[in-house]
**Q** 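Mind having a look at this structure? Questions to follow.
All residue numbers refer to positions in the sequence shown, counting from 1. Since the structure is predicted, the reported quantities are computational estimates derived from the model, not experimental observations.
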Amino acid sequence: MKENQYLIDYYNSYDESGRLESKHGTVEFLTTMRYIDKYIREGDRVLEIGAATGRYSHALARRGYAVDAVELVEHNIEIFRQNTLPDEKITVTQGNALDLSAFPDDKYNITLLLGPLYHLYNDEDKRQALSEAIRVTKPGGIIFAAYVISDGCLIDEGIRMGNFSIAEYIKNGMLDPETFAAISEPKDLFELVRKEDIDRLMSVFPTTRLHYVATDGCARLLREAVDEMDNDTFELFLKYHFAVCEREDLVGITSHSIDIFRK
């Protein structure tokens, strides 16, 4: 686990549940759950890889689904267990997305890989995590793989919030000066990609893409406005977001995306 210490240190002090609970943060959660609901069926078994504190796992277990969860960070596992209700059909074990050897082939109807690809920095590791997620999924089952998207984060945090100027990103080796694609390393905590990177990763797998979704769309760019919306306005905003979150001309302007595919 030593090579993952930077990640463990980060999540030991990060409020992962809180990130998904602000009004603008719920857009990502509600969008992901909306697509899970399209495919999950009564009696399905779910595996969540990199479950963090269990926001998705608990939501599904409380609907009656059997859920197994895998999480790297012990701090997150402790919170996960504290949040578990007595009637939930749920397990959580400590493990790594790169090695799911404790789980058999072809077991799960729905497999969620909603965090690990944020923290893997080369194609070999990403494909290993994807391969493991695919292996444990039943033929015909559905895999949800989440990514952090370069341009949405650059526009939001680099330009709008002013955390760094574009010049500083380039000077620090975090942006290609010609293409403005992100160059991420473990010290940066998050691997930032574009859709073409995801397409290249998936090209080696015999899977069928069902959806490619901008899960938070412009919600983070508009976070102050979204957080100030009354409930009726927010519902209308969500309706708009759901209508456009797969549009090819908009999917790059998001901080997070989900690639949804069938084994």
**Q** Treating K195 as the side-chain partner and G252 as the backbone partner, does any N or O pair qualify as donor plus acceptor under 3.5 Å?
**A** no
**Q** Counting C-beta onward and ignoring hydrogens, is there a side-chain heavy-atom pair between T207 and I134 closer than 4.5 Å?
**A** yes
**Q** To the closest 0.5 Å, what do you measure between OG (S131) and CG (L98)?
**A** 10.5 Å
**Q** Under 4.5 Å between side-chain heavy atoms, hopping through other hydrophobics if needed: is there a path connecting L120 to F205?
**A** yes
**Q** Please report the shortest heavy-atom distance between S101 and E132, naming the atom on each side.
**A** N-OE2, 3.8 Å
**Q** Apply the test side-chain contact (heavy atoms from CB on, under 4.5 Å) to residues C245 and Y212: give CA-CA distance (whole Å), side-chain angles for both, the deciding distance (0.1 Å), then the verdict.
**A** CA-CA 9 Å; C245 63; Y212 180 81; over 6 Å; no
**Q** Between L201 and R127, does the side-chain contact (heavy atoms from CB on, under 4.5 Å) criterion hold? Intermediate values first, please.
**A** CA-CA 7 Å; L201 278 174; R127 284 182 172 146; 3.9 Å; yes
**Q** Look up atom CG in D230 and atom CD in E235, then write down how far apart they are to the nearest 0.5 Å.
**A** 10.5 Å
**Q** Indicate yes or no: at least one non-hydrogen side-chain atom of L210 is less than 4.5 angstrom from one of Y39.
**A** yes
**Q** Tell me, do D105 and R135 make a side-chain contact under 4.5 Å, heavy atoms counted?
**A** yes
**Q** Got a salt bridge between R223 and D216, using NZ or NE/NH1/NH2 to carboxylate O under 4.0 Å?
**A** no
**Q** Taking atom CD of E178 as the centre, report whether more than 12 heavy atoms of other residues, nucleotides or ligands fall under 6.0 Å from it.
**A** no
**Q** Take atom CD in E248; do more than 12 heavy atoms of anything else shown fall under 6.0 Å from it?
**A** no
**Q** Is K138 salt-bridged to D106, cutoff N-O under 4.0 Å?
**A** no
**Q** Measure the shortest side-chain to side-chain distance between L85 and I90 over non-hydrogen atoms and say whether it is less than 4.5 angstrom.
**A** no
**Q** List the steps and the verdict of ring-ring contact (aromatic ring centres under 6.0 Å, His included) for Y56 and F29.
**A** CA-CA 8 Å; Y56 291 99; F29 175 77; 5.0 Å; yes
**Q** Should L250 and V226 be regarded as members of a common hydrophobic cluster, given that ILVMFWY residues are connected when their side-chain heavy atoms come within less than 4.5 Å of each other, either directly or indirectly?
**A** no
**Q** Show me the donor-acceptor pairs, under 3.5 Å and distance only, between side chains in residues 144-155 and residues at least two apart or in other chains.
**A**
residue, atom, partner, partner atom, Å
S150, OG, A182, N, 3.4
D151, OD1, R194, NH2, 3.0
D151, OD2, R194, NE, 2.8

**Q** Nearest 0.5 Å, please: how far is NZ in K126 from CD1 in I198?
**A** 8.5 Å
**Q** Please report the closest heavy-atom contact between E71 and A52, naming both atoms and the distance.
**A** OE1-N, 2.7 Å
**Q** Is there a donor-acceptor pair under 3.5 Å between the side chain of D125 and the backbone N or O of N122?
**A** no
**Q** Side chain of R262, backbone of T208: donor and acceptor closer than 3.5 Å?
**A** no
**Q** Distance only, no hydrogens: is a donor on one side chain within 3.5 Å (strictly under) of an acceptor on the other, for N83 and H58?
**A** no
**Q** With distance as the sole test, does E48 use its side chain to make a donor-acceptor pair with the main-chain N or O of S57 at under 3.5 Å?
**A** yes
**Q** In the structure I gave you, are the side-chain heavy atoms of T233 and E228 within less than 4.5 Å of one another anywhere?
**A** no
**Q** Specify the closest pair of heavy atoms between F80 and A51, including all atoms of both residues, with the distance to one decimal.
**A** CE1-CB, 4.1 Å
**Q** If you measure from CZ on F261 to OG1 on T137, what distance do you get to the nearest 0.5 Å?
**A** 8.0 Å
**Q** Looking only at heavy atoms, what is the nearest atom pair of E88 and A61, with distance?
**A** OE1-CB, 3.6 Å
**Q** Indicate every side-chain donor-acceptor pair of residues 236-243 with a distance under 3.5 Å to a residue at least two apart or in another chain.
**A**
residue, atom, partner, partner atom, Å
H241, NE2, T31, OG1, 2.9
H241, NE2, T215, O, 3.2

**Q** Report yes if some heavy atom in the side chain of D123 is under 4.5 Å from a heavy atom in the side chain of R200; otherwise report no.
**A** yes
**Q** Write down the atom of I170, the atom of P177, and the distance for their closest heavy-atom approach.
**A** CG2-CB, 3.9 Å
**Q** Decide yes or no for V92 and R81: does some side-chain heavy atom of the first lie under 4.5 Å from some side-chain heavy atom of the second?
**A** yes
**Q** Check side-chain contact (heavy atoms from CB on, under 4.5 Å) between T91 and all other residues, then give those that pass, not counting sequence neighbours.
**A** D68
**Q** Looking at every heavy atom in both G140 and I142, which two are closest together, and how far apart are they?
**A** O-CD1, 3.9 Å
**Q** With side chains defined as the heavy atoms from C-beta onward, is the minimum distance between D37 and R63 less than 4.5 Å?
**A** yes
**Q** Taking K23 first and then D227, would you say they form a salt bridge - that is, a charged N and a carboxylate O separated by under 4.0 Å?
**A** no
**Q** Just verifying a value: how many Å separate D197 CG and E191 CD, rounded to the nearest 0.5 Å?
**A** 8.0 Å
**Q** Should V244 and V213 be regarded as members of a common hydrophobic cluster, given that ILVMFWY residues are connected when their side-chain heavy atoms come within less than 4.5 Å of each other, either directly or indirectly?
**A** no
**Q** Taking only Lys NZ, Arg NE, NH1 and NH2, and the carboxylate oxygens of Asp or Glu, determine whether D87 and R62 approach each other closer than 4.0 Å.
**A** no
**Q** Do N109 and I40 pass the side-chain contact (heavy atoms from CB on, under 4.5 Å) test, and can you show the C-alpha distance, the side-chain angles, and the key distance before you say yes or no?
**A** CA-CA 8 Å; N109 307 92; I40 199 164; over 6 Å; no
**Q** Considering the options L113, L112, L114, L72, which one meets the side chain to side chain contact (heavy atoms under 4.5 Å, CB included) requirement together with I49?
**A** L113
**Q** Roughly how far, to the nearest 0.5 Å, is the OG atom of S184 from the OH atom of Y118?
**A** 13.5 Å
**Q** Is the backbone N or O of M174 less than 3.5 Å from a side-chain atom of N172, with the two atoms forming a donor-acceptor pair by type?
**A** no
**Q** Do H211 and E246 have side-chain atoms, one donor and one acceptor, less than 3.5 Å apart?
**A** yes
**Q** Before giving the answer on side-chain contact (heavy atoms from CB on, under 4.5 Å), spell out for D44 and E42 the whole-Å C-alpha distance, their side-chain angles and the decisive distance to 0.1 Å.
**A** CA-CA 6 Å; D44 278 359; E42 184 177 355; over 6 Å; no
